[in-house]
Amino acid sequence: METTHDEATKAIRYFWLLGLLNNAPWVLMLACATNISDGGVALVFIANQVPGLIVKITAPYWFHRVSYKARLLTASLSMGLACFLVGCGGVYNDDIGDGEGGNDNTDSNDNVQSDQWFGLFFELIGVSFISLQCNLGEASILALAGKFDSTVLPTTAMYLGISEVTEAEDQSDTHTNNVEDYNYNEEELENNEATLMNDERDQQQNRCITAFSSGTGLAGIVGYGYKAFLSEVFGWGLSYIVWSAIGFAFFYWQIYHTGLDALEQERMQPNDTGNFTQQAPPIHMLESSLLVTGRSNNEQKDEGYDNASLVEMVGHHQHRESRNTTSAAHRILSSASANTDLTAHDRFKLVLSLWPYTIPLFTVYAAEYMLQAGVWSAIGFPVTSTIARAQFYHNANWTYQFGVFLSRSSGNMFSVPLPILWLMPLLQVTNLLFFWLDSVHHWWYDYTLLFPCFFAGLLGGAVYVQGYSRINADFPLELREFAISSAGVADSLGILVADISSLFIQSCIYSQNGIEGAVVGCPT
């Protein structure tokens, strides 16, 4: 039984929808941040990160013991509970506000203020549950997307059509058989073969990751648009807006349970023999590994390649030749076994080895969330107007989300090398410095600032999809799910650092613009 084109399309659609539903409530909470705490937007951002960061830090040590189904059921329940709690907190504060009118008693006012802080606390607990849901879901679904890209869905060859592969293989065979005639040396052959393998690998291993990333990118637009539509068109307050989002949790679970999980279970059904066993690659395939690596067997041994490495390197060629269900199922089962056998020390070392990917993720997220929580919340035209600041905050974040959506949807169009992956966060840091200085000196101070806000979204989204796609392409098959789910700690840690810093960034910008109402004092 082969994976059909329709099944692949369904899986990609499911991942896109899960990306949308996973992040939309999370973004909705950020969109409501000024409604929850106008002078301490970063408080909402922090509550929206700490539980999720704990999940991602500990994920490498327990994800392999908990099924995808259990994790996503927990995420679904957390989503519904979060919306319920934030809505209750909003109603509680609204009731306090309605009962304040005309009461000048000092003790009574003190009690009202105390109760308002209690209502805020109640809302922040709800926001914490959305943090748990979003990060647990993201780490799990990204890893599952890598699994689908690598082992469940057809390879690029099957996806594009056997005829194209046959033509490519014929060209490759002709090229190899005529090496001497065209006087190609060994280095040229090695480079050509390596390029062919890398192109095929990059194309086939990011379809589901890109779909999920694109969905999360659109979630930003949906989250802010959802809040704006219900508040401006229907006049709904915080409570009714977040309560209406409880339905997202139901659809989130249904799409996974009746969609992806059912599709994966179908792909894991045993073949006619009743098992998933697969013979090792034929000896002639290992002996012909020169065609894959550009090196002879002796050279490979000298450079540290073992038989397991050769099996991995010829995996794509073997899959093209076998094209049967047992091949995919065997790789899935082998992947699960290898992941389970890792010790805690091994897992820690593997997490550290992700630094070429996690440093760019951390940097770009820290910079862009300092923009959102710290700088953009302190810009307005005029800056002294609370309404103007709130309006720019929402417009800037909405524009930013459009940029994120476009760049996160680009994973199937191109891939970037690691140097470019490192360059983009540096550009984001430059963007942060520009906005920070401009918020104080007002050099460029009107709504045309939305253009660099859009650019910030492009940078952030590109690092996200390209970073995870590179991990899925660069790591061995048996470690991809682990690596993808573990790398997420970088962006969560970057956001948390940014949120704490943003409390002081916002306070300092407020101070330099003569604005009161910051939750903390500027340290300078």
Side-chain angles (χ1 to χ4, degrees), residues 18-19 21-23 25-27 29-30 44-68 70-79 82 127-147 209 212-213 215-216 219 252 256 339 342 344-369 373 408 425 460-461 463-465 467-472 475 479-500:
L18 283 175
L21 292 173
N22 187 79
N23 281 34
W26 185 82
V27 175
M29 295 302 173
L30 298 184
V44 181
F45 279 66
I46 291 172
N48 215 4
Q49 280 304 311
V50 173
L53 178 61
I54 294 173
V55 168
K56 288 187 174 179
I57 287 177
T58 60
Y61 310 101
W62 62 270
F63 261 30
H64 62 288
R65 300 182 184 277
V66 182
S67 67
Y68 283 110
R71 282 182 257 158
L72 289 171
L73 177 59
T74 301
S76 302
L77 295 174
S78 297
M79 183 191 300
V127 173
S128 297
F129 272 101
I130 214 70
S131 172
L132 171 66
Q133 169 270 313
C134 183
N135 287 274
L136 177 61
E138 181 184 45
S140 299
I141 300 171
L142 268 174
L144 186 60
K147 179 180 180 180
I209 289 178
F212 177 78
S213 301
T216 62
Y252 181 75
Y256 168 74
N339 191 11
L342 292 172
H345 182 63
D346 291 335
R347 294 173 187 278
F348 180 72
K349 291 194 298 183
L350 281 170
V351 171
L352 294 181
S353 72
L354 292 168
W355 67 266
Y357 314 93
T358 53
I359 290 179
L361 282 168
F362 171 85
T363 305
V364 78
Y365 268 80
E368 66 191 50
Y369 276 83
R408 288 194 180 189
V463 172
Y464 182 93
V465 67
Y468 285 111
S469 294
R470 284 244 61 88
I471 292 173
N472 200 48
F475 269 71
L479 296 177
R480 287 173 191 164
E481 290 178 69
F482 172 86
I484 293 172
S485 61
S486 301
V489 67
D491 53 68
S492 294
L493 185 60
I495 295 173
L496 180 62
V497 170
D499 291 343
I500 296 173

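FYI, the numbering just counts along the sequence from 1.
- Of the possible donor and acceptor atoms, one in the side chain of Arg480 sits under 3.5 Å from a partner among the backbone N and O of Asn472.
- Partners of Tyr464 by ring pair (Phe, Tyr, Trp, His ring centres under 6.0 Å), not counting sequence neighbours, listed by chain and number: Tyr468.
- A donor-acceptor pair under 3.5 Å links the side-chain atoms of Ser131 to the main chain of Gly52, judged by distance alone.
- Distance check: Leu144 CG to Leu18 CG gives 8.5 Å after rounding to the nearest 0.5 Å.
- Here OG of Ser492 is found 11.0 Å from CD1 of Ile54. Values are rounded to the nearest 0.5 Å.
- Using a 4.5 Å heavy-atom cutoff, the side chains of Leu72 and Ile141 are in contact.
- Taking the centre and axis of the six-membered ring of Tyr61, the NZ or CZ atom of Arg347 falls outside the cone set by 45° and 6.0 Å.
- A 4.5 Å side-chain heavy-atom check between Ser128 and Val50 finds every atom pair outside the cut-off.
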**Message:** Applying side chain to side chain donor-acceptor pair (under 3.5 Å) to Asp499 and Tyr369, what does each step give before you reach the verdict?
**Reply:** CA-CA 7 Å; Asp499 291 343; Tyr369 276 83; over 6 Å; no

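- Not counting sequence neighbours, the partners of Ser78 by the side-chain contact (heavy atoms from CB on, under 4.5 Å) test are Thr74, Phe129, Leu132, Gln133.
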**Check against side chain to side chain contact (heavy atoms under 4.5 Å, CB included), Arg71 and Tyr256** = CA-CA 11 Å; Arg71 282 182 257 158; Tyr256 168 74; over 6 Å; no

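- Counting heavy atoms from C-beta outward, Pro51 and Asn135 have side chains that stay 4.5 Å or more apart.
- Taking both residues in full, the closest heavy atoms of Leu354 and Ala487 are given as CD1-N, 3.9 Å, listed atom of the first, atom of the second, then distance.
- Remark: Pro25 engages Met79, Ile130, Phe248 in a side-chain contact (heavy atoms from CB on, under 4.5 Å) (not counting sequence neighbours).
- Legend: residues meeting side-chain contact (heavy atoms from CB on, under 4.5 Å) with Leu350, ordered by chain and number and at least two apart, are Leu342, Ser353, Leu479, Phe482.
- Listed by first and then second residue, the salt bridge (Lys or Arg N to Asp or Glu O under 4.0 Å) pairs that reach into residues 133-143 are Lys56-Glu138, sequence neighbours excluded.
- Distance alone, capped at 3.5 Å, is enough to place a donor-acceptor pair between the Thr216 side chain and the Ser213 backbone.
- With sequence neighbours excluded, the residues that form a side-chain contact (heavy atoms from CB on, under 4.5 Å) with Ala490 are Thr358, Leu361, Phe362.
- Inter-residue side-chain proximity for Trp62 and Val55 is flagged as met; some heavy-atom pair is nearer than 4.5 Å.
- Inter-residue side-chain proximity for Glu481 and Phe475 is flagged as unmet; no heavy-atom pair is nearer than 4.5 Å.
- Atom-to-atom distance recorded for Leu73:CG and Leu77:CG is 4.5 Å, nearest 0.5 angstrom.
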